**Student:** 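Pasting a structure below so you can have a look.
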Amino acid sequence: MSKALGNHILVEFMNCDPHIMNDVAGIERDMVEAAQKAGATVINSTFHHFSPWGVSGVVVIQESHLAIHTWPEYGYAAVDLFTCGEMDAWISFDHLKDCFKSQAYSAIEMKRGSVNLLTRNDFDMTTMRQKAGEWRNPEFFTRNVWFTDKDEYQALSLRFTGEVFYDVQSPFQRVRILESYKYGKMLALDDMVMTTIEDEFHYHEMISHPALFALPSAKNILVIGGGDGGTIREILKHDSVEKVTMVEIDGEVIKACKEHLPQIAASFDHPKLELHVADGIAFIKDAATEAYDIIIVDGSDPVGPAEGLFSTAFYTNCFKALKKDGILVAQGESPKFNQKAFTELNHTLQSIFGENNAPVSLFFVPTYPTGMWSFQYGLKGNVNIKSPQNESNIESFCEAKNLRYYNQDVHKGSFATPNFVKQMLTK
Ligand code: SAM
């Protein structure tokens, strides 16, 4: 048997779970583990998530490389296990077969670089200094993995460490806690960025404080969604608030954030909080009339469990449950991302609260696609949300509570609507 420099196993994994085939984080983790299980020394890994789907990546090992290309729409992955030395790549094959839940597969093994066909040149290219420079600590290797939140035309990608701290498929969605290099730990639901340690305050301060300063007499607040806990954390900074009722459909989100994002999920044990793990759509349908001063809908994008949080029926029930001067605040998507949902939501609020009682507040969240996001309001009474009454109170509150985004100028400025948005919202 002629000696060969390398061993190459070409694998066809078929009938795999399409979601697994589209999960860049999971595939990168499985490929790195596949190499390590076979005793390889990993040098680096580079993985890319294609739009609309599909993953390509390579794990460079001291013993050569493992590479993959996936077609989720066919439940198919083409995998190359190229090794040299004593490493048994069939161990990697078995690991990946299990990880990908492949129901059918084929594999061809071939020797590469038969020494009979090669002529060895004895030379020493590297200097000692270079040798030293090439030494690597086998524990450390660079991982180049990107998490991408996208629609068919635009995307936001965050490079993350490859660490997956929490990964549970709940009855409603996939709940993950990942760590990005630039924005720290983050909560992702399915493939959407929900909140990150470094910019969550943009969102949580702007969803809560404008309404609470516009209606300083507010005592009874309802939050629908908000499972990461950031919104209730901000509301409960207002001592005048007597009760916060929170209705989050997915207990896994609360659990993940309590464990891995404690600075956001900081107020779940607050005595003024009444927490319901339930569907907010059903909850508001049975809610008492005129029960709440403020209702905050901190829901995810209009897919899966949150789809109904954009419906006329839901907001009609919210209107009923609000007190005479009540304020509704809703996560409103973006005029530059999901425009249809953004516009339709505002038209729904205009039809229920009145054409001039559905203002939009715009603000920035760097980790949401386009960075430009909105909260949409429904004003039941004559509360003037655009210019808060007691600006001096706001200033002292912002200082005392160490707010990092919200202040009276940002409050007013956020309701300054660009012309293109005004045109989008005109019915
Ligand atoms: N900032 C995020 C955004 O802009 O997309 C929202 C964050 S928060 C984590 C969204 C929460 O809404 C999630 O925890 C999700 O489980 C919850 N949710 C979705 N549909 C829901 C429903 N029908 N009732 C209650 N909570 C819901």
Side-chain angles (χ1 to χ4, degrees), residues 149-151 156 166 168-178 183 185-208 222-235 245-258 260-261 264-265 268 274-287 295-311 313-315 317-318 321 329-334 336-338 341-342 345 361-376 405:
D149 183 345
K150 62 185 180 311
D151 66 8
L156 171 111
Y166 197 94
V168 170
Q169 181 62 44
S170 82
F172 309 100
Q173 56 215 343
R174 184 170 187 190
V175 180
R176 282 185 286 181
I177 302 281
L178 308 170
Y183 290 95
K185 278 192 180 165
M186 57 187 232
L187 167 70
L189 296 182
D190 293 335
D191 287 329
M192 300 175 280
V193 177
M194 287 294 122
T195 194
T196 79
I197 289 295
E198 286 308 318
D199 70 354
E200 58 87 6
F201 63 94
H202 296 219
Y203 180 97
H204 292 125
E205 290 182 11
M206 287 306 285
I207 197 172
S208 50
L222 172 65
V223 175
I224 293 181
D228 51 61
T231 298
I232 56 166
R233 181 197 65 199
E234 293 305 310
I235 296 168
T245 306
M246 175 173 163
V247 184
E248 162 58 54
I249 198 167
D250 195 341
E252 282 298 337
V253 175
I254 299 172
K255 187 163 170 289
C257 295
K258 276 183 167 177
H260 298 286
L261 304 175
I264 303 180
F268 278 105
E274 181 185 299
L275 175 62
H276 300 255
V277 176
D279 183 349
I281 298 160
F283 183 91
I284 199 71
K285 206 152 159 260
D286 306 333
I295 297 178
I296 296 183
V297 183
D298 179 5
S300 28
D301 301 287
V303 287
E307 198 166 348
L309 298 180
F310 289 75
S311 68
F314 173 73
Y315 286 106
N317 290 329
C318 288
V329 190
Q331 187 278 105
E333 300 293 318
S334 168
K336 284 292 181 186
F337 190 75
N338 234 339
F342 171 78
L345 173 59
S361 144
L362 296 171
F363 64 103
F364 302 100
V365 187
T367 56
Y368 287 179
T370 75
M372 184 183 202
W373 219 255
S374 82
F375 292 121
Q376 303 209 24
Y405 192 99

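Bear in mind the structure is a predicted one, so any value in this text is a computation, not a measurement. Ligands are counted one by one from 1 in listed order, and the atoms in each one are counted from 1 as well.
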**Student:** Just to be sure I understand the cut-off, which residues have at least one non-hydrogen atom under 4.0 angstrom from an atom of ligand 1?
**Tutor:** Gln173, Leu187, Leu189, Met194, Tyr203, Gly225, Gly226, Gly227, Asp228, Val247, Glu248, Ile249, Asp250, Val253, Ala278, Asp279, Gly280, Ile281, Asp298, Gly299, Ser300, Pro305, Ala306, Leu309, Gln331, Tyr368
**Student:** Taking all non-hydrogen atoms of both residues, which atom of Gln331 and which atom of Trp373 are closest, and how far apart?
**Tutor:** OE1-NE1, 2.8 Å
**Student:** Among all residues two or more places apart in sequence or in another chain, which pass the salt bridge (Lys or Arg N to Asp or Glu O under 4.0 Å) test with Glu234?
**Tutor:** Lys237
**Student:** Side-chain contact test, heavy atoms from C-beta onward, threshold under 4.5 Å: evaluate it for Phe268 versus Met246 and give yes or no.
**Tutor:**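 Yes, side chains in contact.
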**Student:** Decide, yes or no, whether a salt bridge links Arg176 with Asp191 under the criterion of side-chain N to carboxylate O below 4.0 Å.
**Tutor:** yes
**Student:** Would you say the ring centroid of Tyr203 lies under 6.0 angstrom from that of Phe375?
**Tutor:**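 Ring centres of Phe375 and Tyr203 closer than 6.0 Å.
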**Student:** Is any side-chain heavy atom of Phe342 less than 4.5 Å from a side-chain heavy atom of Gln376?
**Tutor:** yes
